[in-house]
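The next block holds one structure in the form of structure tokens; read it before the comments.
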Amino acid sequence: MSFSASNGMNHIIQAQQFTPEFIKKIFDLANHLEMNHETPLKGKIMATLFYEPSTRTRFSFESAMLRLGGQVITTENAREFSSAAKGETLEDSIRVVSNYADVIVMRHFEEGAAERASRVASVPVINAGDGKGQHPTQALLDLYTINRELGGIDGITIAMAGDLKYGRTIRSLSYLLGKYKNVKIIFVSPEALRVGTDIKEYLKRHNTTYHETEKLEEVLPSLDVLYQTRIQKERFSDPAEYEKLKGCYQLTPALADRLPKHAIIMHPLPRVDEISPLVDASPKALYFKQTYYGLLVRMALLKFVLTPSSFRDEE
Ligand code: NCD
């Protein structure tokens with residue numbers, strides 16, 4: 001685990017920071033916490049500071065903290081209801097909240113905001129999404145879902161479909177997948193929403209096979225995982241452009257049937273129209289279970305961040 005600050009604090013900022021060994025420990029801990037009721041975070045306080053809308057990420061962190069015996073202070077609309085509305089800088093807000101909480105879980109509309117926060121925080125910062133940058137805890141729960149449902153990560157073929165330009169979940173997940181063996185990634189998007197060159201270069205450096213296509217239907221029979229994403233309406237500067245692209249990939253039951261029997265369908269949620277509700281009844285539809293797995297992974301991450309010495313003892 002890199003990204004620990006000079007004082008030994010562990011911030012969670014970007015998916016590249018995790019090693020496969022660390023990920024395995026987090027997964028083992030998530031499995032353990034599922035089966036054992038423990039309250040190791042009694043007396044600890046988590047602040048959730050969200051400058052962008054969220055339901056599941058904020059609730060799942062809060063639920064994870066409460067389940068481990070900790071407590072929560074929260075602002076669900078920091079852009080309007082925190083001192084940011086009065087003109088306070090992010091840095092000042094973080095310095096102040098550092099005095100009130102033992103960990104800060106932060107979502108922000110600007111790429112790089114979590115990293116900036118981590119530089120001034122005196123407690124660990126967890127990035128819960130920074131603009132079109134990254135969403136590392138979502139990527140960990142996505143990977144946990146794949147590992148648990150398919151029994152491993154090496155050798156999988158995964159298609160990520162939808163908004164690959166603005167979607168931070170696919171960016172973080174690509175960074176994680178680049179750390180495993182013989183993974184094949186198929187990026188499915190319209191020309192205008194292709195995945196960034198930074199991701200492609202990273203995958204090349206890590207010898208991860210990928211290719212790009214606009215045609216979802218053709219790739220379905222070859223997949224182990226279909227990862228659908230929402231077109232990120234709020235990140236388009238031109239509403240007309242969004243109108244042109246919305247609804248470009250809609251997974252219907254007929255299309256889902258083209259996936260192999262063992263394949264799983266994932267989505268970070270919220271969905272708009274990219275997966276028909278008629279697909280929900282399919283045993284391949286994993287997106288709601290994915291949110292349950294997210295709770296387990298976030299419990300493990302909070303335990304790690306707040307009691308790092310106990311984590312080291314388990315090594
Ligand atoms: C995602 C996000 O915020 O990036 N949602 C989530 O955290 N599960 C995906 C999205 O908003 O489309």
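In each ligand, atom 1 is the first atom listed, and ligand 1 is the first ligand listed.
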Ring centres under 6.0 angstrom apart (Y166, F236):
yes
Will you find, in the side chains of D273 and Q250, an N or O donor that is under 3.5 Å from an N or O acceptor?
yes
Quiz question: by atom type and distance under 3.5 Å, do the side chains of R230 and H267 form a donor-acceptor pair?
no
Here's a test for you: under side chain to side chain contact (heavy atoms under 4.5 Å, CB included), which of L203, I170, L143, D142 qualifies with L177?
L143
Exercise answer, ligand 1 polar atom pairs (N/O) under 3.5 angstrom:
{"from": "ligand 1", "atom 1": "3 (O)", "to": "R107", "atom 2": "NH1", "distance (Å)": "3.4"}
{"from": "ligand 1", "atom 1": "3 (O)", "to": "R107", "atom 2": "NH2", "distance (Å)": "3.1"}
{"from": "ligand 1", "atom 1": "3 (O)", "to": "R168", "atom 2": "NH2", "distance (Å)": "2.9"}
{"from": "ligand 1", "atom 1": "4 (O)", "to": "R168", "atom 2": "NE", "distance (Å)": "2.7"}
{"from": "ligand 1", "atom 1": "5 (N)", "to": "L269", "atom 2": "O", "distance (Å)": "2.9"}
{"from": "ligand 1", "atom 1": "7 (O)", "to": "T57", "atom 2": "OG1", "distance (Å)": "2.8"}
{"from": "ligand 1", "atom 1": "7 (O)", "to": "R107", "atom 2": "NH2", "distance (Å)": "3.0"}
{"from": "ligand 1", "atom 1": "7 (O)", "to": "H135", "atom 2": "NE2", "distance (Å)": "2.7"}
{"from": "ligand 1", "atom 1": "8 (N)", "to": "Q138", "atom 2": "OE1", "distance (Å)": "3.2"}
{"from": "ligand 1", "atom 1": "8 (N)", "to": "P268", "atom 2": "O", "distance (Å)": "2.8"}
{"from": "ligand 1", "atom 1": "8 (N)", "to": "L269", "atom 2": "O", "distance (Å)": "3.0"}
{"from": "ligand 1", "atom 1": "11 (O)", "to": "R230", "atom 2": "NH2", "distance (Å)": "2.9"}
{"from": "ligand 1", "atom 1": "12 (O)", "to": "R230", "atom 2": "NE", "distance (Å)": "2.8"}
{"from": "ligand 1", "atom 1": "12 (O)", "to": "R230", "atom 2": "NH2", "distance (Å)": "3.3"}
{"from": "ligand 1", "atom 1": "12 (O)", "to": "Q232", "atom 2": "NE2", "distance (Å)": "2.8"}

I'd like to know if E110 pairs up with K132 as an ion pair, taking the criterion as any Lys NZ or Arg NE/NH1/NH2 lying under 4.0 Å from an Asp or Glu carboxylate oxygen.
no
Partners passing ring-ring contact (aromatic ring centres under 6.0 Å, His included) against Y180 (at least two apart in sequence or in another chain)
none
